[in-house]
A.B. asks: 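One structure coming up, written as structure tokens, with questions to follow.
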Number of protein chains: 2
Amino acid sequence: MILEKKKIFNDFATSKGLRSTRQRDIILDIFLSTHQHVSVEELYLKIKFSNPGIGYATVYRTLKLFVEAGLAREILLHDGQTRYEHIVAGEHHDHLVCTGCNSIIEFEDETIEKLQNEIAARHGFMIKSHKMEMYGLCAACRQ
Amino acid sequence: MILEKKKIFNDFATSKGLRSTRQRDIILDIFLSTHQHVSVEELYLKIKFSNPGIGYATVYRTLKLFVEAGLAREILLHDGQTRYEHIVAGEHHDHLVCTGCNSIIEFEDETIEKLQNEIAARHGFMIKSHKMEMYGLCAACRQ
DNA sequence: TTGCTTTTGATATTCATTTTCAGTTACTGG
DNA sequence: CCAGTAACTGAAAATGAATATCAAAAGCAA
Ligand SMILES: [Mn+2]
Ligand SMILES: [Mn+2]
Ligand SMILES: [Zn+2]
Ligand SMILES: [Zn+2]
């Protein structure tokens with residue numbers, strides 16, 4: 001799994017003529033070791049802990065490369081922090097975001113995805129990406 | 001329609017103990033005269049034109065009041081600008097956003113809304129709001 | 001190694017939005 | 001109608017996430 005993702009990134013880097021650097025390896029390792037929906041800040045702090053030398057800008061730059069490489073997806077919720085999550089091949093999900101405890105529930109719904117495509121088709125629109133988020137209170141936060 | 005919205009805001013203001021000010025009246029008038037999806041910047045410039053004295057902060061503050069009053073909805077697309085649109089009672093729509101020409105197509109889909117509620121219910125989640133946007137190219141921009 | 005190019009990290013900058021605060025204005029009740 | 005008081009305003013400063021800058025460092029091909 002992890003080796004596979006590293007290979008994907010290396011192949012991407014090669015095809016783009018990017019150099020192999022210690023920083024990118026470290027950032028990828030640590031990104032792959034995180035759970036879903038890490039903010040840049042969180043990831044930066046985690047990296048900083050074991051690798052104090054790595055700069056903020058490099059983390060930002062590298063995460064964008066992961067997105068380009070198809071390893072990560074950018075998640076913009078309503079807290080002004082960009083988050084990243086792992087892309088699992090052939091899988092897509094959307095989010096229920098609890099405004100009480102900031103937890104995120106993931107869900108998949110084939111029917112909705114299909115309806116989205118129909119709506120787009122009806123308007124002659126070509127979808128490149130979509131976002132669907134529901135904000136509210138999770139079971140625990142409803143007391 | 002416009003008078004009705006003004007009444008909604010006045011009632012809201014009264015219920016909250018807010019004072020009636022010239023600035024809020026002007027900003028509401030001009031907001032009501034705009035079309036969908038105005039950015040704060042756009043609205044500010046429009047206001048500035050006829051009322052040079054009104055400050056940026058007041059526009060920001062007042063738009064948030066409109067949201068609270070149920071007159072406006074905040075729209076966060078992915079261009080770093082917060083936009084506001086009019087809320088029409090008993091109506092809800094989502095957006096197709098063209099990344100080519102920045103146009104926005106609105107659509108309603110009862111089935112999707114129903115499915116969203118079912119998903120939320122299944123997770124014991126209480127929805128307060130949701131956002132659904134599809135990004136891509138509109139018919140014109142596909143050439 | 002050499003030489004060239006990319007990459008990095010510290011720092012400065014940007015840009016939307018929020019906060020601050022002193023002066024102004026709206027309401028209350030006498 | 002006025003005075004007192006609390007809310008409101010606008011200019012400017014502050015914030016905070018993200019990006020740009022640029023000199024030094026590192027990767028790579030020969
Ligand atoms: Mn997710
Ligand atoms: Mn709309
Ligand atoms: Zn919760
Ligand atoms: Zn278009």
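Letters A, B, ... mirror the listed sequences (proteins, then strands); counts begin at 1.
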A.B. asks: Quick one: label Glu41(A) by what it contacts on the DNA or RNA (base, sugar-phosphate, nothing), any heavy atom closer than 4.0 Å.
C.D. replies: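 It contacts nothing in the nucleic acid.
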
A.B. asks: Atom CG of Asn51(A) and atom C1' of dT8(C): how far apart are they, to the nearest Å?
C.D. replies: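 Roughly 14 Å, once rounded to whole Å.
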
A.B. asks: Just N and O in the side chain of Lys64(A): are any of them under 4.0 Å from OP1 or OP2 of dT19(D)?
C.D. replies: yes

A.B. asks: Could a donor-acceptor pair under 3.5 angstrom be found where the side chain of Arg22(A) meets the base of dA26(D)?
C.D. replies: no

A.B. asks: How many Å lie between CD1 on Ile54(B) and C1' on dT24(C), as a whole number?
C.D. replies: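 After rounding, the gap between these two atoms is 15 Å.
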
A.B. asks: Could you check Gly80(B) against Ala57(B) and say which one's nearest nucleotide on DNA chain C is further toward the 5' end?
C.D. replies: Gly80(B)

A.B. asks: Can you work out whether Gln23(B) or Leu76(B) has the more 5'-proximal nearest nucleotide on DNA chain C?
C.D. replies: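 It is Leu76(B) whose nearest nucleotide is closer to the 5' end.
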
A.B. asks: Closer than 4.0 Å, any side-chain N/O of Thr58(B) to the OP1 or OP2 of dC8(D)?
C.D. replies: no

A.B. asks: Say you draw a straight line from CG of Leu71(A) to CG of Leu32(A); how long is it, rounded to the nearest 0.5 Å?
C.D. replies: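 Between atom CG of Leu71(A) and atom CG of Leu32(A) there are 7.0 Å.
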
A.B. asks: Would you say the side chain of Arg61(A) and the base of dG9(C) hold a donor-acceptor pair, judged only by whether the two atoms sit under 3.5 Å apart?
C.D. replies: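 By the distance-only test, yes, there is a pair.
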
A.B. asks: Check the distance between dT18(C)'s P and Leu63(B)'s CG and give it to me in whole angstrom.
C.D. replies: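 Rounding to the nearest Å, CG of Leu63(B) and P of dT18(C) are 11 Å apart.
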
A.B. asks: Answer with base, sugar-phosphate or nothing: what part of the nucleic acid does Arg24(B) contact at a heavy-atom distance below 4.0 Å?
C.D. replies: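 The answer is sugar-phosphate, as Arg24(B) gets under 4.0 Å only of primed atoms, P, OP1 or OP2.
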
A.B. asks: Have a look at Gly17(B) and say if it touches a base, only the backbone sugar-phosphate, or nothing, with a 4.0 Å heavy-atom cut-off.
C.D. replies: nothing

A.B. asks: Taking the six-membered ring for Trp, is the centroid-to-centroid distance between His78(A) and Tyr135(A) below 6.0 Å?
C.D. replies: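 When the ring centroids of His78(A) and Tyr135(A) are compared, they turn out to be within the sub-6.0 Å range.
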
A.B. asks: Specify the separation, in whole Å, of atom CG of Leu43(B) and atom C1' of dA16(C).
C.D. replies: 15 Å

A.B. asks: Can we call the ring centroids of His35(A) and His37(A) under 6.0 Å apart?
C.D. replies: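 No - the distance between ring centres of His35(A) and His37(A) does not fall below the 6.0 Å cut-off.
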
A.B. asks: Rounded to whole Å, how long is the line connecting atom CG of Asp25(A) with atom C1' of dT7(C)?
C.D. replies: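 After rounding, the reported distance stands at 13 Å.
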
A.B. asks: Do other residues, nucleotides or ligands put more than 12 heavy atoms under 6.0 Å from Glu91(B) CD?
C.D. replies: yes

A.B. asks: Looking at Thr21(B), does any N or O in its side chain come under 4.0 Å of the phosphate oxygens OP1/OP2 on dT9(D)?
C.D. replies: yes

A.B. asks: Quick test of your reading of the model: are Lys6(B) and Asp29(B) salt-bridged, counting only N-O distances below 4.0 Å?
C.D. replies: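 So Lys6(B) pairs with Asp29(B) through a salt bridge.
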
A.B. asks: What is the distance from NZ of Lys16(B) to P of dA26(C), rounded to the nearest Å?
C.D. replies: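 Atom-to-atom, Lys16(B) to dA26(C), this comes out as 22 Å.
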
A.B. asks: Can you tell me if Lys16(B) has over 12 outside heavy atoms packed within less than 6.0 Å of its NZ?
C.D. replies: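 No, the 6.0 Å shell around NZ holds no more than 12 heavy atoms from other groups.
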
A.B. asks: Can you tell me how far C1' of dT17(C) sits from CG of Asp79(B), to the nearest Å?
C.D. replies: 14 Å

A.B. asks: Does Tyr60(B) place a side-chain N or O at less than 4.0 Å from the phosphate oxygens OP1/OP2 of dT18(C)?
C.D. replies: no

A.B. asks: Verify the contact: side-chain N or O of Thr82(A) to OP1 or OP2 of dA17(D), cut-off strictly under 4.0 Å; return yes or no.
C.D. replies: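 Checking dA17(D) against Thr82(A), no side-chain N or O comes under 4.0 Å of OP1 or OP2.
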
A.B. asks: Nearest-Å distance, CD1 (Ile27(A)) to P (dT7(C))?
C.D. replies: 13 Å

A.B. asks: Which listed nucleotide (dC27(C), dT7(C), dT17(C)) is nearest to the side chain of Tyr56(B)?
C.D. replies: dT17(C)

